[in-house]
Amino acid sequence: MSRVKLIDSMRDFLMYWRDYSGRNVEEMFGGWLMRYISSYPELLISEVVYWGDLDSLRARMVGNVLPKLDDLIHDIIEAWMTFLQNIDEVYSMASERLELPQAPIIAIYVGSGWKPRWTASILDRPALFFDLGGIASLKWMDQRNLRGLIAFGLGQFRQALARGGAERYAELESNPYFRLYSQGLAQFAEILILGADSWHGAGGREWLRECEEREDELARRYLEGAEAEQIDSFYEPWKKIMGLSLVGRYLGYRLVSELHEKGLDLNELMRLPEEHVISLSKEFLERLSGK
């Protein structure tokens, strides 16, 4: 089995932080850009592409990330250590259970914060990018959450390979019904790799029970959000729908599990035609909501 190629930028990040800790945010951004992230052009390109341009990335870093950096540094280091302790084992299980056709490139770094999708390209190959600052800000640096996060990311990576690359996968996820399916399939992969109790970032059995009890209303609200093209709140961990976070992932998992129970294997789930995915997702939500 080929091993993960790991781009570990964290020693360079810590050298940057020691020099710029306590300075004003403009100086911190200049140092982050020139003394740290520019040494990893694939990471900088990914950040700029995600936010649209360098000015938008700068606004995000100066306004939301760098003012909190000193307070988060110990949690960032903990996330780094926990990641390194678990990546090989989780990848080994994923390689077998997801039948990964190739080993991923995985980058760990501190950038603009948590993002719902971690796949991007390095030299035209799908890769995974884990922002440890974003993980630390969510307090997901413990072993249970980080193992789930890695498994979920590998589920996204497997989909990107099946869908023609990271850019095509991102394009498909702009459709709210495809996104429901793809996020649910990544969660399905997480559970396939680690077991039924692995729902990283979610609230455990009580959260799952409440999602099950309210799934008809959650489905109705998702349909309304999809119509208005406003569904980010269903996936962003700091936002809630009916008092529950990450409910888009729950609904998507319900759909994918149902299709699997009807006989679709993992490869079929990964390669289901996108038009069929969109129609199945919409029909599933309408049925669940009682429409």
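Just so you know, residue 1 is the first one in the sequence shown, and it goes up from there. Atoms considered below: every heavy atom in the structure, side chains included; atoms not considered: hydrogens, waters and symmetry mates.
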* Asked: Are Trp32 and Met34 connected in the hydrophobic side-chain network, where two residues link if heavy atoms are under 4.5 Å apart?
  -> yes

Between Asp216 and Ser289, is there a side-chain donor-acceptor contact under 3.5 Å, judged purely by atom types and distance? no

Rounding to 0.5 Å, atoms CZ (Arg60) and OG (Ser112) come to a distance of 6.0 Å

Heavy-atom donor-acceptor pair, Ser257 side chain to Tyr253 backbone, under 3.5 Å = yes

CG of Leu194 to CD of Glu89, rounded to nearest 0.5 Å, is 8.5 Å

_Do Met141 and Ile108 sit in one hydrophobic cluster, given that two such residues count as connected whenever their side-chain heavy atoms are within less than 4.5 Å of each other, even indirectly?_
no

Check your understanding: Taking Tyr222 for the side chain and Pro176 for the main chain, is one N or O donor matched with an acceptor at less than 3.5 Å?
Key -> yes

Check: Do Ser9 and Tyr36 pass the side chain to side chain contact (heavy atoms under 4.5 Å, CB included) test, and can you show the C-alpha distance, the side-chain angles, and the key distance before you say yes or no?
Finding: CA-CA 8 Å; Ser9 72; Tyr36 167 51; 2.7 Å; yes

**Prompt:** Centre of Phe152's six-membered ring, under 6.0 Å away, within 45 degrees of the axis: is that where NZ or CZ of Arg249 sits?
**Reply:** yes

Going only through I, L, V, M, F, W and Y residues with side-chain contacts under 4.5 Å, is there a path from Ile37 to Met15? no

Exercise. Are Arg3 and Asp88 within salt-bridge range, i.e. N to O under 4.0 Å?
Worked result: yes

d(Glu274 CD, Arg163 CZ) to nearest 0.5 Å is 6.5 Å

(message) I'd like to know if Arg147 and Asp142 make a salt bridge, using a cut-off of under 4.0 Å between side-chain N and carboxylate O.
(response) no

Interatomic distance, CH2@Trp17 vs CG@Leu66, rounded to 0.5 Å, equals 13.5 Å

Counting distance only, does the side-chain N/O of Thr82 pair as donor-acceptor with the main-chain N or O of Ala79 below 3.5 Å? no

Check your understanding: Under a 4.5 Å side-chain heavy-atom rule over Ile, Leu, Val, Met, Phe, Trp and Tyr, are Met81 and Leu149 clustered together?
Key -> yes

inquiry  = For the backbone of Gly201 and the side chain of Asn145, can you confirm whether one donor and one acceptor N or O come within less than 3.5 Å of each other?
reply    = yes

Ion pair check, Arg221 and Glu224, cut-off under 4.0 Å: no

Rounding to 0.5 Å, atoms OH (Tyr50) and CG (Asp131) come to a distance of 10.5 Å

Q | Polar side-chain atom of Asn86 near backbone of Gln143 as donor-acceptor pair, under 3.5 Å | A | no

Is there a path of hydrophobic side-chain contacts, each under 4.5 Å between heavy atoms of I/L/V/M/F/W/Y residues, joining Ile45 to Leu128? no

Worksheet item: Can a salt bridge be assigned to the pair Glu212 and Arg209 using a cut-off of 4.0 Å between side-chain N and carboxylate O?
Response: no

Donor-acceptor under 3.5 Å (Ser95 side chain, Tyr91 main chain): no

Practice item. Kindly say whether Tyr177 contributes a backbone atom to a donor-acceptor pair with the side chain of Ser281 at under 3.5 angstrom? Key: yes

Correct closest heavy-atom pair for Lys240 and Gly243 would be CD-O, 3.5 Å

* **Side-chain donor or acceptor of Tyr250 paired with backbone N/O of Trp207 under 3.5 Å** => no

Nearest heavy-atom approach of Val65 to Gly113 is CG2-N, 4.4 Å

- Task: Just do the side chain to side chain contact (heavy atoms under 4.5 Å, CB included) check on Leu269 and Tyr181 with the steps written out, would you?
- Result: CA-CA 10 Å; Leu269 291 168; Tyr181 181 87; 3.6 Å; yes

Item checked: Arg168/Glu171 ion pair, N-O < 4.0 Å -> yes

Ignoring hydrogens and geometry, is there a side-chain-to-backbone donor-acceptor pair from Glu47 to Leu54 under 3.5 Å? no

_Could you check whether Arg23 makes a cation-pi contact with Tyr20, meaning its NZ or CZ is under 6.0 Å from the centre of the six-membered ring and within 45° of the ring axis?_
yes

In sequence, state the C-alpha distance, the side-chain angles, and the governing distance for Phe83 and Phe130, and then conclude on ring pair (Phe, Tyr, Trp, His ring centres under 6.0 Å).
CA-CA 10 Å; Phe83 190 97; Phe130 289 96; 5.3 Å; yes

Mind running salt bridge (Lys or Arg N to Asp or Glu O under 4.0 Å) on Lys239 and Asp232 for me, showing each step along the way? CA-CA 9 Å; Lys239 293 185 178 178; Asp232 286 348; over 6 Å; no

* Judged by atom type as modelled, is there a donor-acceptor pair below 3.5 Å linking the side chain of Ser46 to the main-chain atoms of Leu43? -> no

When rounded to the nearest 0.5 Å, the distance separating CG of Leu161 from CZ of Arg271 is 9.0 Å

Note to self: Would you say that more than 12 heavy atoms from the other residues, nucleotides or ligands in this model lie under 6.0 Å from the NZ of Lys282, or not?
What the structure shows: no

Minimal heavy-atom distance between Leu154 and Pro104, with the atoms involved, is CD2-CG, 3.8 Å

